[in-house]
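Below: one structure, written as structure tokens.
Proteins get letters first, then strands, A, B, ... in listed order; numbering begins at 1 in each.
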Number of protein chains: 2
Amino acid sequence: MAALGYVPDASARALVTRTGTRLAIAVIGRTAAVLDDPYVGRVLTSAAHVAAEREVGVSLHWLPLHDPGSLARLADGRGLGGLVVVNPTRPALETVPRALRGRVAAVGVGTRHVPSFDVDNRAGTDGVVRHLVRTGRRRIAMVTGPSWLPCGDRAVEAYRQVLEATGAEPRVVPGDFTAARGAGAAVEIMTRWPDTDAVFALSDLTALGVLDGLHALGVRVPDDVAVAGFDDIAFAGLSRPALTTSTHPVEEIATAAARAVLDRRDAAETTFYPSALVVRESA
Amino acid sequence: MAALGYVPDASARALVTRTGTRLAIAVIGRTAAVLDDPYVGRVLTSAAHVAAEREVGVSLHWLPLHDPGSLARLADGRGLGGLVVVNPTRPALETVPRALRGRVAAVGVGTRHVPSFDVDNRAGTDGVVRHLVRTGRRRIAMVTGPSWLPCGDRAVEAYRQVLEATGAEPRVVPGDFTAARGAGAAVEIMTRWPDTDAVFALSDLTALGVLDGLHALGVRVPDDVAVAGFDDIAFAGLSRPALTTSTHPVEEIATAAARAVLDRRDAAETTFYPSALVVRESA
DNA sequence: CTGTTAGCGCATTCAC
DNA sequence: GTGAATGCGCTAACAG
């Protein structure tokens, strides 16, 4: 039959199975940091590409962080073939209705019922901070992500552990993934701890902002202070100095999440993807 | 009835109207320049957001440039609620079947049957080049886009006209929208015309590459040579020196194109969106 | 286990 | 004009 070029009609199937023909991508958070994040575009692009093979489409939903009902409302809608939640919080995931079990995946932390496809932030951070230590840095500061993002916890923990091993005090400053905050964080760090010799930001955009902030302070990178980012966004290699960072297979992660949902494969509770150090000029 | 919260079922409607529940985004070209272009992500994000309101989804398709049949094959598939073609060539648009008339839009050049939503490249280029002239530059070179991209023609034409008005000779070098090519183009330009005092690239990524190339040659920007880009990508404001460019409402354009298709509004043959000069440090 | 049938929710058609 | 019937292409439930 397939030899005759038969292709099932997605709409008809969706109608009768009451299952919908679209894959919703829900991004938690509506701050500028999230809206402008190229990361979301990469996830969406990969998902839309996977969806194309299955005759379904993807839709994008930005959900407010502090409205627990919004995810449930989205998931209740008809026409939903599946759901991929980006950067979820665990409480938010608890609100997805049972009916969607097996058709939900998370890019970020997951729960017992929602399989997670995520970057191994712990190992990634460990790799970056160890690189800083290996190249002679000892007074290393870290700019974190938004406090509500659970994925940042593992990274901060890894940073603390490496520093503890070297006997150094942690110097943690809160960030929000924006470049503007990076510039501010740089000033804050150099004011509080003037002898800082390295800054690790949990976001490339923030790291680029740190580069800017340090430049404005007259601090040379990497001579005086090394700077490292996280994610390896497209521009990381184009900044001056080119940004040392850790690269993540975002496309691969998003593709796997989309496939897991569309193919109703029950994935492992958590699948970690490697974070790989990319040494450029800034550290 | 709507007061009772009635929402039509998209799948059922799609089934009976044989019209599909997804909006396909077809991107013409499979070169690295297109695949890595953040522009596509922005278009897709906007389209997916519009689609979300309509209970439909979007799918993404990268079409080879030299396979005229690919667009027709895509358009023939069922499940297609509409089609938005990004960066189309006119011959490619001619291949979309009649059945889709009224449900196709182009982001880029259009045809009689395919309404176009596009940046006013002519006015944008005019604005940038005039700015260079106004700030004292006279020997201005231009790095174009891929030759097959029709949208570049208007820009090159505008560039030539401004230069003609100043009595200067055009210095046009072919580009491909990549940063790597920008670096190469910079070398090429400074070799062929060593007295060049400004470079305008029809792509920010290329302009950033030009910045790199000039830096390697020991040329100071903007003191020796001014550099201007086109598009105002996210990183344009973060490069050093920050890139002077022209900003485009990509989200607005993509949203309008998606709406035109999904709402079956017959749009004007061409809708131009403004290109607005953003003066930063590089020019 | 194979073959048949009812019906998903809507738009279109036809009868009135 | 308003209202009932048909069928889009498929899956699930059922009968043989």
Side-chain angles (χ1 to χ4, degrees), chain A residues 1-24 47-48 50-59 61 72-84 96-105 258-267, chain B residues 1-24 47-48 50-59 61 72-84 96-105 258-267:
Chain A
M1 342 260 164
L4 267 59
Y6 167 78
V7 189
D9 183 295
S11 307
R13 189 207 312 258
L15 177 60
V16 68
T17 59
R18 347 186 38 75
T19 191
T21 72
R22 73 180 215 277
L23 174 63
V50 170
E53 309 164 351
R54 311 282 196 289
E55 291 236 341
V56 306
V58 304
S59 58
H61 308 258
R73 250 172 330 206
L74 170 61
D76 262 334
R78 291 172 314 196
L80 259 205
L83 178 63
V84 171
V96 323
R98 299 201 134 62
L100 268 179
R101 291 265 171 88
R103 295 187 286 146
V104 196
R259 288 228 164 93
V261 167
L262 292 177
D263 298 347
R264 299 241 205 321
R265 279 204 314 260
D266 29 68
Chain B
M1 342 256 163
L4 269 59
Y6 168 77
V7 188
D9 184 297
S11 306
R13 191 205 318 262
L15 177 61
V16 68
T17 59
R18 354 186 30 82
T19 190
T21 71
R22 69 181 219 277
L23 174 63
V50 170
E53 308 164 353
R54 310 283 196 288
E55 290 237 341
V56 305
V58 305
S59 57
H61 308 257
R73 252 176 327 218
L74 170 60
D76 261 336
R78 292 171 313 196
L80 259 205
L83 179 63
V84 171
V96 323
R98 298 201 135 64
L100 268 179
R101 289 266 170 88
R103 295 187 287 147
V104 196
R259 288 228 165 91
V261 166
L262 292 178
D263 298 347
R264 300 241 205 315
R265 280 203 313 259
D266 26 69

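- Listed nucleotides D/dC10, C/dA11, C/dG9 differ in distance to B/T17; the shortest reach to its side chain belongs to C/dA11.
- For B/R18 and A/D9, the salt-bridge test fails: no basic side-chain N is under 4.0 Å from an acidic carboxylate O.
- In this structure, B/R18 places its CZ atom 9 Å from C1' of D/dG9, rounding to the nearest Å.
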TODO: Before giving the answer on side-chain contact (heavy atoms from CB on, under 4.5 Å), spell out for A/E53 and A/L262 the whole-Å C-alpha distance, their side-chain angles and the decisive distance to 0.1 Å.
DONE: CA-CA 10 Å; A/E53 309 164 351; A/L262 292 177; over 6 Å; no

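- Each of B/V16 and A/V7 was assigned the nucleotide of DNA chain D with the nearest heavy atom; the assignment lying further toward the 5' end belongs to B/V16.
- The nucleotide whose nearest atom lies closest to any side-chain atom of B/P8 is, among C/dC10, D/dC10, D/dC8, C/dC10.
- The minimum heavy-atom distance linking B/V261 with B/G81 is given by the pair CG1-O, 4.5 Å.
- For A/Y6, whose side chain is taken as the heavy atoms from C-beta onward, the closest listed nucleotide among C/dC8, D/dC10, C/dC10 is D/dC10.
- Looking at every heavy atom in both residues, B/S11 comes nearest to A/T21 through OG-CG2, 4.0 Å.
- Atom CG in A/L15 sits about 9 Å away from atom P in C/dC10, given to the nearest Å.
- Atom pair B/R78:CZ and D/dC8:P shows a separation of 13 Å (rounding to whole Å applied).
- Ranking D/dA12, C/dA11, D/dG9 by closeness to the B/R13 side chain, first place goes to C/dA11.
- If you measure from atom CG of A/D9 to atom P of C/dC10, you get 17 Å, rounded to the nearest angstrom.
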